[in-house]
K.L.:
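Could you have a look at this structure, given as structure tokens, before my questions?
Naming: A, B, ... by sequence-line order, numbering from 1 per chain.
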Amino acid sequence: NGQQWLPLTLGERNYSRFPSSDFYSSLGLEDVLSVGDTSGAEEDTDSAILYGTLRGSVVGLRYYTGIVNNNEMVALQREPNNPYDKNAVKVNNVNGDQVGHIKKELAAALAGIMDNKLALIEGVVPYGAKNAFTMPVQMSFWGREENKEAVLDQLKKHGFKLAPPLKEWGFGSKWISGRAGPSYSAPVHAAVQLTTEQLKSEFDKLFEDLKEDDKSCEMEGAEALGTLLLPHQKQALAWMVSRENSNDLPPFWEERNDFYYNILTNFAEKQQPKNVLGGILADDMGLGKTLTTIALILTNFQDGKPLPVEKITSDKCYEDQFEQHIHQDFHVNIYVYYGSDRSKDPSVLSEQDIVLTTYNILATDYGVRGDSPLHKVKWLRIVLDEGHTIRNPNAQQTKAALNLEGHRRWILTGTPIQNSVKDLWALISFLKLKPFTDREWWQRTIQRPVTMGAPGGLGRLQSLIRSITLRRTKTSKVKGKPVLELPERKVLIQYVTLTEEERQIYQSVKKEGKAAISRFFSEGTVLAHYADVLGVLLRLRQLCCHPRLCINTSSSNNKTPEELRETLVNKMKLVLSSGSDEECAVCLESLTHPVITRCAHVFCKPCIFEVIRSEQPNAKCPLCRNELRVEQLVECPLEEEIDSNNGKKSDQEWISSSKINALMHALIELRRDNPTAKCLVVSQFTTFLSLIENPLKESGFAFTRLDGSMAQKKRVEAIQCFQSSQAGSPTVMLLSLKAGGVGLNLTAASRVFLMDPAWNPAAEDQCFDRCHRLGQKHNVVITKFIVKDSVEENMLKIQNKKRKLAAGAFATKKPSASEAKQTKINEIKALIDL
DNA sequence: ACCGCCGGGTGCC
DNA sequence: ACCGCCGGGTGCC
């Protein structure tokens, strides 16, 4: 359509390259040994205390353009390469413009403190407005308790001494102008920290009482949408459109006699700061965020006008909207970008109305070389679907998303705050909301005041969130009526008893595994052998499903390099093909380009390279502290190979298993009672799904299949086919647990058979929500098959513990390394009955 | 006077 | 900078 600007939509959705398992992440391994901290720069600022304050001077003002108001916050930045003084410390204003330097005698004292990260030094300029050559700066020193002495010593060596903390000091702007002058009278304990419970309940209030305010207007979607919106979706649309077209000031800015003031930092500028022409749509899963966003794109495409296209056929389908529409005949240009095509002229992307891609493609494309076509286009609109996945600011994905260019920026997420205020920063930063894009200002103006319980801290956070976020839960009401009225959902546990023969195999493998694991325990090397432990547990889980799933992996003694390599590749395949979302323990995101270490731990290639680079020459595995060498890393073979290796070994005669029998019994009974009822048969093991195909055929079930290895076209076909209500359409879908991402809509199903429990209960819940969501007409019954007296039963127990933990764990501090380790060890013990 | 004092030149790191 | 510091000019009362 010759549009110059385009929306870009990002999401995990159905493109996830690697089907996955939650091994490490679900066991919480990422918390162990402080992994994920490769940069070393991610100071744990939440536990910082205020050492004291010091008055100093900023000099050289006349050489720089940056200006500062009274009581304005400034940033201190080391400048080790300054040709005149290696101790130089720059002073920048909130905008990042240099204001001057710290006077050299003081800089000499600060340099060591800053370089060794002994303390965070924050400045406020009490009288900044009219200074021509120098200005005073009040500095606060923050750091961990154990560094306090070192900092005081270092200062003393240079003849400086900290004054006791001033009340309100750390939060900057509260400093009253007028000649109050610092009062040194009242040393303050770092303000009282809120308890977890307090913090949680305060956060919950964030989204409460969204009264009938501006967020309750409704707006019809453009005709091209071809689908009617529900009332709450019309509200969301109206809100989104008004945000995109608004000329309001961003939160915390005021206009004061021809200047725009930021009331948190006291920064002022002549030019009106840009508001975010976007925000966070944080509705609960299943309320139709994606549909609403499509409506936004079509209705408010550019310059407040709809996209000039012909009507889109309506099929009342709330999910996979983008994908489904791709295959329909209408005139929105949608392009699915699969990445890696560097030669591609960005103009190919520019010619589209909508480009769809995934975080992994975005990150890989961006990470390898800086010339991804995605980053050469100025986008009209950027939408991050499942936007909470960018919460780790160090991850490639986050950086790649942040650096996309485009003014209207949206985040769609059902869980805007997963753990703590910290999570929010990545989101806010993506939105490019001034001045929070810079971590320091977020930290000083929002995060610290909140976590330290400063008066007004939560209020700030609330007004920030409210001004950029719309959130409704499933129980929210629109005009007195619940937003969603979902049919009932029941979860049944169906215990399965193994046959004598199956039990024998199970017990022998268990005995062997248990012996190995207890040896690891007595040697204290459980974590070093983590891959082996997981291997044992995996084999047991597989044996609960079907004896044939259990591939024999010989134990690893005295191998040739070739054999070793093969073993590693097999292990990695094991991990990657076991059906869920493996995460990299460094970036805590989905694996971008998996490689396996000699010690059999799997990471993103760029992540582990960075670890090795930064820890040279003696890099250690973040998970087990074994030696790491680049040349020993083994890359993952392509996904196709994984699957073909895994799936088609069925020359052998087919045999059933207790679990398959139980499933078939239930399916046949269900068909007898209700021949048109549709169901999902879910497993983490795609090989298991393949084995189930056999009896389905024999018993005359029409079925379809969806797993992570399928090409995009085939997936869409499978979904459409299953969702169809035509006579003869499949009544069973074989589904791999994590196939498809949260957007997947399988509301045709009203029964779910979960063949094997997942480590992470959230993964199961997400899977259930694929049919128990908007559009579901029937009550949903979920059956979990659990083998009696097995690792599966133990997994259930751990799941329950995790559920309880998750319910009360909001905003808790990460457990310490040793606590996490202990939890993990206990879990392993519980799983294998030790 | 190898001082003090004066007043002009000058100025971040 | 209406400062401090530098270094040249200068020198009883």
K.L.:
Cation over ring, A/Lys605 on A/Phe603, under 6.0 Å and within 45°?
P.N.:
no

K.L.:
Across all strands shown, which nucleotide pairs with C/dC12 by Watson-Crick or G-U wobble geometry, both distances under 3.5 Å?
P.N.:
none

K.L.:
Atom NZ of A/Lys104 and atom C1' of B/dC13: how far apart are they, to the nearest Å?
P.N.:
8 Å

K.L.:
Do you know which two heavy atoms are closest between A/Asp97 and A/Gly66, and how far apart they sit?
P.N.:
CB-CA, 3.7 Å

K.L.:
Within the modelled atom types, does a donor on one side and an acceptor on the other bring the side chain of A/Tyr63 and the base of B/dC13 under 3.5 Å apart?
P.N.:
no

K.L.:
Kindly confirm or rule out a cation-pi arrangement of A/Arg439 over A/Trp425, judged by NZ or CZ under 6.0 Å from the six-membered ring centre and within 45° of its axis?
P.N.:
yes

K.L.:
Taking atom P of B/dC12 as reference, at what distance in whole Å does atom CZ of A/Arg78 sit?
P.N.:
19 Å

K.L.:
Tell me: NZ of A/Lys103 to P of C/dA1, nearest whole Å?
P.N.:
16 Å

K.L.:
Whole angstroms only, please: what is the CG-C1' distance between A/Asn87 and B/dC13?
P.N.:
10 Å

K.L.:
Starting from P on C/dC3, measure out to CG on A/Leu61 and report it in whole angstrom.
P.N.:
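Answer to the nearest Å: 18 Å.
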
K.L.:
Return the nucleotide paired to B/dC2: Watson-Crick means purine N1 to pyrimidine N3 with N6-O4 or O6-N4, wobble means G-U with N1-O2 and O6-N3, both under 3.5 Å.
P.N.:
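Paired with B/dC2, as far as the under-3.5 Å criterion goes, is no nucleotide at all.
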
K.L.:
Taking atom C1' in both C/dG11 and B/dG4, compute the distance separating them and give it to the nearest angstrom.
P.N.:
9 Å

K.L.:
State whether the distance check finds a donor on one side and an acceptor on the other, under 3.5 Å, for side chain A/Asn82 versus base B/dC13.
P.N.:
yes

K.L.:
Quick one, A/Arg448 with A/Trp142, criterion side-chain contact (heavy atoms from CB on, under 4.5 Å). Give me CA distance, side-chain angles, the key distance, then yes/no.
P.N.:
CA-CA 11 Å; A/Arg448 188 184 303 128; A/Trp142 297 84; 3.4 Å; yes

K.L.:
Can you tell me, in whole Å, how much space there is between the C1' of B/dC6 and that of B/dA1?
P.N.:
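Nearest-Å result for B/dC6 against B/dA1 at atom C1': 15 Å.
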
K.L.:
Output the rounded distance in Å from CD (A/Glu105) to C1' (C/dC5).
P.N.:
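That distance rounds to 13 Å.
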
K.L.:
For A/Asp85 and B/dC13, give me the distance from atom CG to atom C1', rounded to whole Å.
P.N.:
6 Å

K.L.:
Taking atom types as modelled and ignoring hydrogens, do the side chains of A/Asn92 and A/Gln98 form a donor-acceptor contact shorter than 3.5 angstrom?
P.N.:
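Their side chains do not contain a donor-acceptor pair, so the 3.5 Å distance test is not met.
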
K.L.:
What do you reckon, do A/Phe133 and the base of C/dA1 stack, with centroid distance below 5.5 Å and planes below 30°?
P.N.:
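Check passed, A/Phe133 stacks on base of C/dA1.
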
K.L.:
What integer distance in Å separates A/Gln77:CD from B/dC13:C1'?
P.N.:
13 Å

